[in-house]
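Sequence lines set the chain letters: A, B, ... in the order given, protein chains first and strands last, and positions in each chain run from 1. No hydrogens, no waters, no symmetry mates; every other heavy atom, side chains included, goes into these values.
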Amino acid sequence: MPKFKSYWLVKTEPDCFSIQDLAASPRKTTCWDGVRNYLARNYMRAMQLGDEVLFYHSNADPLAIVGVTAVVRQAYPDPTAWDSTNDHHDAKASPDNPIWDMVDLRLEEIFPAPLPLDRLREEPRLAKMELLRRGSRLSVQPVTEAEFQTIEEMAHAEKAAPAAKKQSTASNRKKPRAPAVKKKPTHTNLKR
DNA sequence: GCCAACGTTGGC
DNA sequence: GCCAACGTTGGC
């Protein structure tokens with residue numbers, strides 16, 4: 001069956017789960033648990049096997065797309081939703097009424113260098129990208145094929161001129177967040 | 001630390 | 001069903 005590949009982007013805080021953590025995971029695969037936003041969930045439900053997913057580091061230095069993953073399992077219930085000890089516990093969720101889903105993502109590529117947000121903003125072909133919209137908060141979002149290809153191209157043209165590597169100074173360095181607690185997806189690796 | 005954006009909650 | 005208050009995300 002001819003099938004169209006779709007493209008997506010997921011955000012993660014690298015302090016919580018980085019692309020290096022993904023690389024170190026068994027089979028370089030993780031379940032993308034902890035998503036608790038209906039629109040983000042619905043995008044995950046639309047993901048098909050083989051779809052490609054850009055991997056973005058938020059709340060990080062640098063803010064950047066750092067690689068590409070692929071969907072290796074389509075949406076299925078996220079058991080962390082009814083785990084009362086989980087940070088993202090939802091009292092309304094249960095095995096009979098999971099409410100929240102996750103997909104499995106496998107690492108395909110770590111870019112030779114992170115592709116920073118400020119470089120993305122300079123690229124006219126990405127002007128309409130959801131990630132770059134002011135105030136965009138969605139942690140799972142669709143990406144067009146053209147945007148995906150532009151990003152791959154930029155990521156591989158990057159090598160020679162990594163100009164955008166900002167010096168970390170006292171003024172721009174992020175303070176450690178108050179309680180260094182995990183935020184967004186915990187991505188506890190549930191596979192054994 | 002600030003604050004814009006926007007989802008969620010709950011009183012009515 | 002409206003909408004103000006509140007909470008969270010996440011860049012700056």
Side-chain angles (χ1 to χ4, degrees), chain A residues 8-22 30-47 53-69 75 78 80-94 97-103 105 111 113-143 147 150-151 154-155 158 162-188:
Chain A
W8 312 91
L9 177 146
V10 294
K11 299 180 184 176
T12 177
E13 302 194 9
D15 287 350
C16 170
F17 189 85
S18 68
I19 200 163
Q20 288 75 24
D21 293 328
L22 178 57
T30 192
C31 49
W32 206 251
D33 60 8
V35 172
R36 298 291 182 268
N37 171 287
Y38 285 103
L39 186 51
R41 181 203 66 182
N42 292 343
Y43 285 140
M44 285 201 298
R45 287 181 173 176
M47 290 182 182
V53 184
L54 297 167
F55 201 94
Y56 176 77
H57 280 175
S58 64
N59 268 319
D61 186 15
L63 295 166
I65 298 175
V66 292
V68 181
T69 66
D78 175 356
T80 66
W82 59 85
D83 172 359
S84 61
T85 67
N86 189 276
D87 284 349
H88 309 288
H89 176 238
D90 178 351
K92 295 197 285 293
S94 68
N97 180 30
I99 304 179
W100 303 109
D101 281 0
M102 59 189 186
V103 294
L105 299 178
F111 287 156
L115 185 54
L117 189 62
D118 41 20
R119 287 229 44 234
L120 300 175
R121 291 197 190 285
E122 289 165 5
E123 174 49 62
R125 288 173 293 174
L126 300 180
K128 293 192 175 158
M129 202 178 167
E130 166 70 18
L131 180 69
L132 305 182
R133 251 190 57 238
R134 175 181 163 77
S136 163
R137 297 188 305 168
L138 207 52
S139 65
V140 178
Q141 49 185 258
V143 172
E147 289 164 350
T150 298
I151 286 162
M154 292 172 77
E158 192 68 0
K165 179 61 197 168
K166 274 194 275 196
Q167 201 75 5
S168 182
T169 65
S171 57
N172 71 12
R173 184 162 40 230
K174 285 183 137 2
K175 302 219 166 202
R177 297 175 76 82
V181 291
K182 352 178 74 165
K183 307 274 291 195
K184 261 273 79 163
T186 49
H187 309 307
T188 41

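Under the side-chain hydrogen bond (donor to acceptor under 3.5 Å, both in side chains) criterion, W82(A) pairs with no residue, sequence neighbours left out. For R121(A), the salt bridge (charged side-chain N to carboxylate O under 4.0 Å, His left out) criterion is met by no residue, not counting sequence neighbours. The side-chain hydrogen bond (donor to acceptor under 3.5 Å, both in side chains) check on S84(A) picks up nothing, with sequence neighbours excluded. Looking at residues two or more places apart in sequence or on another chain, you find no salt bridge (charged side-chain N to carboxylate O under 4.0 Å, His left out) involving D90(A). Taking the side chain to side chain contact (heavy atoms under 4.5 Å, CB included) definition, one finds that S18(A) meets it with P14(A), Q20(A), D21(A), H57(A), sequence neighbours left out. Looking at residues two or more places apart in sequence or on another chain, you find no side-chain hydrogen bond (donor to acceptor under 3.5 Å, both in side chains) involving N42(A).
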Any N/O pairs under 3.5 Å between the protein and nucleotides 6-10 of chain B? List them or say none.
| unit_1 | atom_1 | unit_2 | atom_2 | d |
| --- | --- | --- | --- | --- |
| dC6(B) | OP1 | R133(A) | NH2 | 2.4 |
| dC6(B) | O4' | R137(A) | NH2 | 3.2 |
| dC6(B) | O2 | R137(A) | NH1 | 3.2 |
| dC6(B) | O2 | R137(A) | NH2 | 2.8 |
| dG7(B) | O4' | R137(A) | NH2 | 3.4 |

N/O to N/O distances under 3.5 Å, protein versus nucleotides 2-5 of chain C:
none

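Outside the 6.0 Å centre-distance limit, the rings of W8(A) and F55(A) are not counted as a close aromatic pair.
The CG-P distance, from L63(A) to dG11(C), rounds to 5 Å in whole Å.
Pairs engaging residues 131-141 of chain A under the salt bridge (Lys or Arg N to Asp or Glu O under 4.0 Å) rule: E130(A)-R133(A) [sequence neighbours left out].
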